[in-house]
Amino acid sequence: MPLVAGVDSSTQSCKVVVRDAETGALLRQGRAPHPDGTEVDPEAWWQALRSAVDAAGGLADVAAVSVAGQQHGMVCLDSTGRVVRPALLWNDTRSADAAADLIAEAGGGEAGSRSWAEAAGSVPVASFTVTKLRWLARHEPEHAARVAAVCLPHDWLTWRLAGAPGLDALSTDRSDASGTGYWTPRTGEYRLDLLEQAFGRRLGVPAVLGPAEVAGHLAPSVLAGPGGSPVASTGTAVGEGTTPAPSGRAVLLGPGAGDNAAAALGVGAGPGDVVVSIGTSGTVFAVSDAPAADPGGAVAGFADATGRFLPLVCTLNAARVLDAAAAMLGVGLDELSDLALAAPPGADGLVLVPYLEGERTPVRPRATGALHGLTLHTATPAHLARAAVEGMLCALADGLDALIAQGARAERIVLVGGGARSAAVRRIAPQVFARPVVVPPPGEYVADGAARQAAWVALGGATPPAWAVTDAEEYAAEPVPVVRERYAAARGLIMDRSDATP
Ligand SMILES: Nc1ncnc2c1ncn2[C@@H]1O[C@H](COP(=O)(O)OP(=O)(O)O)[C@@H](O)[C@H]1O
Ligand SMILES: O=C(CO)[C@@H](O)[C@H](O)COP(=O)(O)O
């Protein structure tokens, strides 16, 4: 019974699962928190990964490990492999002007957007690595001058698991490469000319591996179980510990994936499925045989983790809208859910526009959130709770429409992510999406997808192993179109953040 491990290094935490490679049965798991903020020292991810691995009983008995992670984050390395500055995350909007400049340089307006969609599969927004490189070149030239290579969070963690064996050993996979803005999903090739246009010169980039290709071997320093060997120090330079496991048995490293592509693998998404993930980000995506290239920019034309494609819409505001509403009301998340379900559909006209972090889809990086429809009648905790759930879901429903407009078949909506643990989200989603939703049991589907990839690497074969699909619950409800109608009327009525707003 070979075992495999999957890692989800997501925005808020690191999760590790250890599963049976053949059946997919869950044996052990662990997690550790990440620091807050949209700029993070990658060392914090490494420390969290080590803690989560320890909590999951170590990796000494696994045959393979794969890392999935939050997409797009810019990790810059100098020629010795040291991190040059804290990583800018996917939800950091400081490069919004850089995104606009890059589109303008490609012809501006519709022509510029079409040019990027064709070249990179997506129209760049502040989330994309290419815009962060432009920001770095313009705003921190002293840091920019030291950069020798750029990679993404999952690429860097896989490399650290291998013992940081030199910049030439950096690798990534198709799904994460497709979120950089300088790799073309349609052809599977880098566009280093676009990287150069953004940054001013070319940089080392990770090799893009196939879906079940071996990325390397786990370094001995990370093989110990709980309380195991010391962790490598901050800013580890290249060449630390590249020899195989002490037992002589090499633990394989899989190519890893972006977190959404891993979630698709984890839930076993197939033709006709649309996955809606409510984590820090809200994402709506489908596995597709054809690449997407949406010049409108709403749909990102990503690649998936199996050799296919993953058209995807992403919002910056999802589970944390519920966290914020709960904090405003001074209640826990379960009570927020009870309150939301106590108010009528549509919250008697109270509408929350959820742009608390600015927004990416639609492109409103400087927007703030807004409440509309306040009256003495709607100024209650229940109405606010309902408006928060509905507003967050309406933004995702807009994403679903955009995905369908690009050709996705939404025969089944699969709801995952931390926010899907909310009963109110599960029960209100079918009213807003005007379709039933299927909710798999609460779980770590990104880490599961990474584990399934690791099993594919360990066992070989043309496709990932067919792990048993767990029972999902279906939630159905009468659609309530007025919720989206009022949201559509309200979503443009917002104020941008002032210079004083953090
Ligand atoms: N019962 C719940 N109701 C609503 N939100 C929840 C619940 N449980 C967890 N969450 C939220 O889920 C989010 C974390 O989800 P997760 O998918 O792990 O995010 P990420 O992958 O972005 O780190 C947190 O914001 C947390 O508050
Ligand atoms: O930017 C995207 C997708 O384009 C996000 O999905 C990030 O990948 C972050 O994911 P979570 O941590 O919220 O799961």
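Order of appearance sets the numbers: ligands from 1, and atoms from 1 within every ligand.
- Considering backbone and side-chain N/O atoms, Asp8 never comes within less than 3.5 Å of an N/O atom of ligand 1.
- Considering Val284, Leu403, Ile404 in turn, Leu403 is the only one that fulfils the side chain to side chain contact (heavy atoms under 4.5 Å, CB included) rule with Val299.
- Residue Glu444 has no nitrogen or oxygen atom sitting less than 3.5 Å from a nitrogen or oxygen atom of ligand 1, judged on distance alone.
- The protein non-hydrogen atom at the shortest distance from atom 18 (O) of ligand 1 is Lys15 NZ, 2.7 Å.
- The protein atom (non-hydrogen) at minimum distance from atom 10 (N) of ligand 1 is Gly418 O, 3.4 Å.
- Counting heavy atoms under 4.0 Å from ligand 1, residue Leu333 touches it through the side chain alone.
- For ligand 1 and Gly417, the ligand atoms under 4.0 Å from any heavy atom of the residue are 17 (O).
- For residues 329-339, the set of pairs meeting the side-chain hydrogen bond (donor to acceptor under 3.5 Å, both in side chains) definition, not counting sequence neighbours, is empty.
- Partners of Arg421 according to the side-chain hydrogen bond (donor to acceptor under 3.5 Å, both in side chains) rule, which considers only residues two or more places apart in sequence or in another chain, do not exist here.
- Nearest non-hydrogen protein atom to atom 26 (C) of ligand 1 is Asp323 OD1, 3.8 Å.
- A salt bridge links Arg94 with Glu39: the distance from a Lys NZ or Arg NE/NH1/NH2 to an Asp or Glu carboxylate oxygen falls below 4.0 Å.
- Taking a cut-off of under 4.0 Å to the non-hydrogen atoms of Gly419, the atoms of ligand 1 that pass are 5 (N), 12 (O).
- The shortest contact between atom 23 (O) of ligand 1 and any protein heavy atom is with Ser10 OG, 2.6 Å.
- In terms of N/O distances under 3.5 Å, ligand 1 is not approached by Arg31.
- Ligand 1 places these atoms under 4.0 Å from at least one heavy atom of Ala319: 11 (C), 12 (O), 13 (C), 25 (O).
- Here the shortest heavy-atom distance to atom 14 (C) of ligand 1, taken over Arg426, Gln12, His34, belongs to Gln12.
- In terms of heavy atoms, Val437 sits closest to Ala429 at CG1-CB, 4.1 Å.
- At least one donor-acceptor pair closer than 3.5 Å links the side chain of Arg497 to the backbone N or O of Ala367.
- Here the options are Val150, Leu136, Leu192, the test is side chain to side chain contact (heavy atoms under 4.5 Å, CB included), and the partner is Phe199; only Leu136 passes.
- Here Asp448 does not pair with Lys15 in a salt bridge; the nearest charged N to carboxylate O distance is not below 4.0 Å.
- In terms of N/O distances under 3.5 Å, ligand 1 is not approached by Arg320.
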List ligand 2's nitrogen or oxygen atoms that come under 3.5 Å of a protein nitrogen or oxygen, with the partner atom and distance.
from, atom 1, to, atom 2, distance (Å)
ligand 2, 1 (O), His72, NE2, 3.3
ligand 2, 1 (O), Arg360, NH1, 2.8
ligand 2, 4 (O), His72, NE2, 2.7
ligand 2, 4 (O), Arg360, NH1, 3.4
ligand 2, 4 (O), Arg360, NH2, 2.8
ligand 2, 6 (O), Asn260, ND2, 2.9
ligand 2, 6 (O), Ser281, OG, 3.0
ligand 2, 8 (O), Gln71, N, 2.9
ligand 2, 8 (O), Asp259, OD1, 2.8
ligand 2, 8 (O), Asp259, OD2, 3.2
ligand 2, 10 (O), Asp259, OD2, 2.7
ligand 2, 10 (O), Ser281, OG, 3.3
ligand 2, 12 (O), Thr11, N, 3.0
ligand 2, 12 (O), Thr11, OG1, 2.5
ligand 2, 13 (O), Thr280, N, 3.3
ligand 2, 13 (O), Ser281, N, 2.8
ligand 2, 13 (O), Ser281, OG, 2.8
ligand 2, 14 (O), Asp259, OD2, 2.9

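- To the nearest 0.5 Å, atom CD of residue Gln197 and atom CZ of residue Arg191 are 9.0 Å apart.
- For atom 3 (N) of ligand 1, the nearest protein heavy atom (residue, atom name, distance) is Ser422 CB, 3.4 Å.
- Shortest non-hydrogen contact noted between Ala261 and Ser175 is CB-CB, 3.4 Å.
- With salt bridges taken as basic N to acidic carboxylate O contacts below 4.0 Å, none links Arg50 and Glu43.
- When each of Leu265, Leu312, Val287 is tested with Asp304 by the rule side chain to side chain contact (heavy atoms under 4.5 Å, CB included), just one qualifies, namely Val287.
- Residue Arg421 has at least one heavy-atom neighbour below 4.0 Å for each of these atoms of ligand 1: 1 (N), 2 (C), 7 (C), 8 (N).
- Among protein heavy atoms, atom 22 (O) of ligand 1 sits closest to Thr280 OG1, 2.5 Å.
- In this view, Asp398 and Arg484, Arg491 satisfy the salt bridge (charged side-chain N to carboxylate O under 4.0 Å, His left out) rule, not counting sequence neighbours.
- Thr131 contributes no side-chain N or O that, together with a main-chain N or O of Ala99, makes up a donor-acceptor pair within less than 3.5 Å.
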